[in-house]
Amino acid sequence: MVLAAPFRPPPDPLHSRLSTTERERRRLRRTLWTVEAVLVASVLVDALFTVLGVDLRCTSETLWVVVPLGIGLRVKLTRVERRHLELSELLAERNGTPVFVRREHGIRIALPWHTARALYKPRQPADRWTRNFERIAFWRSAAGLLTVAVATASYESPTTPLFESIGKTQLTALLALCVAPPLLALLVCVTRERHRGRLRDGITSMLRRILFGVLTAAVPVAAIIGVIVLLYRFSDDGRLTEAWMVVALFIPFLAVCWLAGYALCSTYWAARTAFWTSDVHPLLPPVISAALAVVTTALDIAERVGSTDPRTPAPIWYVLTVSGLVTTLVLAIVEYRRLRGTGIGWRTGPSPVEADTVPIPMAENPTTPIPRCTGRSNPLGRGAADRDATVRIPRPRRPGPGIH
């Protein structure tokens with residue numbers, strides 16, 4: 001008796017291509033991280049020996065080899081990541097599941113922008129609409145800042161719009177910090193009891209994100225304090241040479257510069273995400289951002305009215321201010337309507353849900369009226385009179401589709 005071989009389904013070509021792309025992506029990332037590590041190590045070693053009075057001249061030779069190699073690897077990795085994302089989206093559309101792309105960071109995570117982005121950027125499904133909307137929001141802000149700088153170049157310094165934008169971002173983050181707690185408490189009260197578990201998970205994730213950010217900022221502060229203690233203990237005894245003293249003073253300078261950049265990047269993410277309330281509920285960021293834009297614009301107009309010597313003419317200033325407010329509100333409304341269209345509601349938690357009930361179909365009216373019962377008629381009989389007295393009960397309709 002010959003046993004038949006077990007049936008094995010043919011391999012899915014989409015899964016195979018995705019696995020191959022994932023392996024290539026992982027290999028390119030590791031190679032790029034190695035190149036970045038070599039570049040950073042060569043720069044640090046060259047700087048250290050230059051301070052100590054030894055000229056190695058290894059940085060220039062390393063740059064001629066490592067920088068072109070790193071650029072080529074970065075371009076190839078970008079193409080592979082784009083292909084990997086397209087295959088993931090095709091697979092997700094076929095299976096009806098969201099796409100979650102795992103983030104992998106190299107040595108560049110030590111830069112303030114990448115550190116703040118890894119800690120503070122909301123973790124949400126990387127669908128195509130979300131990515132395009134984020135790009136539009138970012139380039140809208142960049143184009144607005146450039147437009148303001150060009151329009152007011154004849155009246156103010158080119159750096160004035162940049163500093164004003166930084167100040168407005170800090171004000172927006174401060175207002176979001178004040179508005180977020182009462183809104184979260186109100187949202188917990190409004191949400192139905194069986195959907196509050198997801199809200200608690202989101203609040204925990206938001207608090208964890210803030211805690212990790214504070215701990216990350218504490219590392220350079222600890223380095224500064226350690227260097228100050230080192231200089232205080234060993235500089236008077238003469239055990240610290242002049243070269244090492246220069247190195248020890250250079251570390252706090254780097255730490256302060258890193259902290260300044262990290263604070264600006266964290267403030268940007270706090271203002272953009274309304275203090276990361278999207279982790280709790282996706283509808284909160286567009287609502288809070290629209291409200292904060294109205295408040296900050298009102299404050300700017302009040303400051304402009306109370307100003308005694310404004311440099312920019314009133315028509316130009318008001319057009320730029322109102323245009324920024326209108327574009328912000330349009331983006332917030334589009335995002336809100338899109339999220340509401342996916343089934344996300346205020347009382348049903350942060351996940352899209354369907355309606356809890358199916359509409360009950362209405363019964364048809366009887367086609368034959370009920371005859372009046374007389375003394376000669378016998379309702380319990382089985383003759384013609386009984387057939388006349390029978391009520392025709394309509395057949396119920398099939399239930400229609402539910403409300404989605």
Tabulate below the donor-acceptor pairs under 3.5 Å that side-chain atoms of residues 213-223 make, not counting sequence neighbours, or state none.
{"from": "T216", "atom 1": "OG1", "to": "F212", "atom 2": "O", "distance (Å)": "2.7"}

Fill in: Within 6.0 angstrom of F253 CZ, more than 12 heavy atoms from elsewhere
no
Item to complete: Please report the closest heavy-atom contact between T267 and A173, naming both atoms and the distance.
Response: CG2-CB, 3.9 Å
Fill in: Partner residues of W317 under the ring-ring contact (aromatic ring centres under 6.0 Å, His included) criterion, sequence neighbours left out
none
Practice prompt. For side chain to side chain contact (heavy atoms under 4.5 Å, CB included), just list the numbers for L119 and H114, CA-CA rounded to whole Å, side-chain angles, deciding distance to a tenth of an Å, and then say yes or no.
Written response: CA-CA 9 Å; L119 288 174; H114 291 285; over 6 Å; no
Worksheet item: Do you know the tightest heavy-atom contact between T21 and R83?
Response: OG1-NE, 4.0 Å
Fill in: Note, T115 side chain near L111 side chain (heavy atom, < 4.5 Å)
no
Worksheet entry | Gap separating the CD atom of E134 from the CD1 atom of I136, nearest 0.5 angstrom | 11.0 Å
Worksheet item: P350 and V280: which non-hydrogen atoms are nearest, and at how many Å?
Response: CB-O, 3.5 Å
Item to complete: Answer yes or no: is there a donor N or O on one side and an acceptor on the other, between the side chain of T348 and the main chain of I344, under 3.5 Å?
Response: no
Item to complete: Compare all side-chain heavy atoms of T152 with those of P161 and state whether any distance is below 4.5 angstrom.
Response: yes
Worksheet item: CZ of R196: more than 12 outside heavy atoms within 6.0 angstrom?
Response: yes
Item to complete: May I ask you to say whether R25 pairs ionically with E22, meaning some side-chain N is under 4.0 Å from a carboxylate O?
Response: yes
Fill in: L77 CG to E24 CD distance, which is reported to the nearest 0.5 Å
9.5 Å
Discussion item. Measuring from atom CZ of R23 to atom CG of L18, what distance do you get when rounded to the nearest 0.5 angstrom?
Written reply: 10.0 Å
Item to complete: Evaluate salt bridge (charged side-chain N to carboxylate O under 4.0 Å, His left out) for E36 paired with R74, printing each intermediate quantity in order.
Response: CA-CA 11 Å; E36 291 176 350; R74 174 60 60 185; 3.6 Å; yes
Side chains of residues 283-300: which donor-acceptor pairs under 3.5 Å do they make with residues two or more places apart or in other chains?
{"from": "S289", "atom 1": "OG", "to": "P285", "atom 2": "O", "distance (Å)": "2.8"}
{"from": "S289", "atom 1": "OG", "to": "P286", "atom 2": "O", "distance (Å)": "3.0"}
{"from": "T296", "atom 1": "OG1", "to": "L292", "atom 2": "O", "distance (Å)": "2.9"}
{"from": "T296", "atom 1": "OG1", "to": "A293", "atom 2": "O", "distance (Å)": "3.1"}
{"from": "T297", "atom 1": "OG1", "to": "A293", "atom 2": "O", "distance (Å)": "2.7"}
{"from": "D300", "atom 1": "OD2", "to": "K168", "atom 2": "NZ", "distance (Å)": "3.1"}

Worksheet item: For T160, which residues count as a side chain to side chain contact (heavy atoms under 4.5 Å, CB included) partner, sequence neighbours excluded?
Response: E156, S157, E164
Practice prompt. Might you point out which heavy atoms bring L320 and A151 nearest each other, and give the distance in Å?
Written response: CD1-CB, 3.9 Å
Practice prompt. Work out which heavy atom in G349 is nearest to a heavy atom in T191; give both atom names and the distance.
Written response: N-CG2, 3.9 Å
Worksheet entry | Pairs meeting criterion ring-ring contact (aromatic ring centres under 6.0 Å, His included) with involvement of residues 130-176, two or more places apart | W129-F133
Discussion item. If you compare all heavy atoms of L32 against all heavy atoms of G70, which two are closest, and at what distance to 0.1 Å?
Written reply: CD1-O, 3.8 Å
Item to complete: Quick one: list whatever passes salt bridge (charged side-chain N to carboxylate O under 4.0 Å, His left out) with R82, sequence neighbours left out.
Response: none
Discussion item. What verdict does the side chain to side chain contact (heavy atoms under 4.5 Å, CB included) test give for L87 and H84, after you've listed the backbone C-alpha separation in whole Å, the side-chain angles of each residue and the deciding distance to 0.1 Å?
Written reply: CA-CA 5 Å; L87 293 174; H84 176 267; 6.0 Å; no
Discussion item. Can you tell me how the ring of W113 sits relative to the ring of Y268, calling it parallel under 30°, perpendicular over 60° and tilted otherwise?
Written reply: tilted
Worksheet item: Tell me the salt bridge (charged side-chain N to carboxylate O under 4.0 Å, His left out) pairs involving residues 312-332, sequence neighbours left out?
Response: none
Worksheet item: Say you draw a straight line from CZ of R17 to NE2 of H15; how long is it, rounded to the nearest 0.5 Å?
Response: 12.5 Å
Discussion item. Tell me which pairs pass ring-ring contact (aromatic ring centres under 6.0 Å, His included) where either residue lies in residues 280-314, with sequence neighbours left out.
Written reply: H281-W346
Worksheet entry | CG-CZ distance between L211 and R209, expressed to the nearest 0.5 angstrom | 12.5 Å
Worksheet item: Got a sec, which residues hit salt bridge (charged side-chain N to carboxylate O under 4.0 Å, His left out) with R208, two or more places apart in sequence or on another chain?
Response: none
Discussion item. Give me each pair satisfying side chain to side chain donor-acceptor pair (under 3.5 Å) with a member in residues 252-262, each pair once, sequence neighbours excluded.
Written reply: Y120-Y262
Worksheet entry | Test item: T342 side-chain N/O and L339 main-chain N/O as donor-acceptor pair under 3.5 Å | yes
Practice prompt. Determine yes or no for a side-chain-to-main-chain donor-acceptor pair under 3.5 angstrom, with T204 supplying the side chain and R200 the backbone.
Written response: yes
Worksheet item: Between atom CD1 of I210 and atom OG of S266, what is the distance when rounded to the nearest 0.5 Å?
Response: 11.0 Å
Worksheet entry | Set of residues satisfying salt bridge (charged side-chain N to carboxylate O under 4.0 Å, His left out) with respect to E86, sequence neighbours excluded | none
Discussion item. Listing request: all salt bridge (charged side-chain N to carboxylate O under 4.0 Å, His left out) pairs with a residue in residues 170-186, at least two apart in sequence or in separate chains.
Written reply: none
Worksheet item: Do T327 and R140 have side-chain N/O donor and acceptor atoms under 3.5 Å apart?
Response: yes
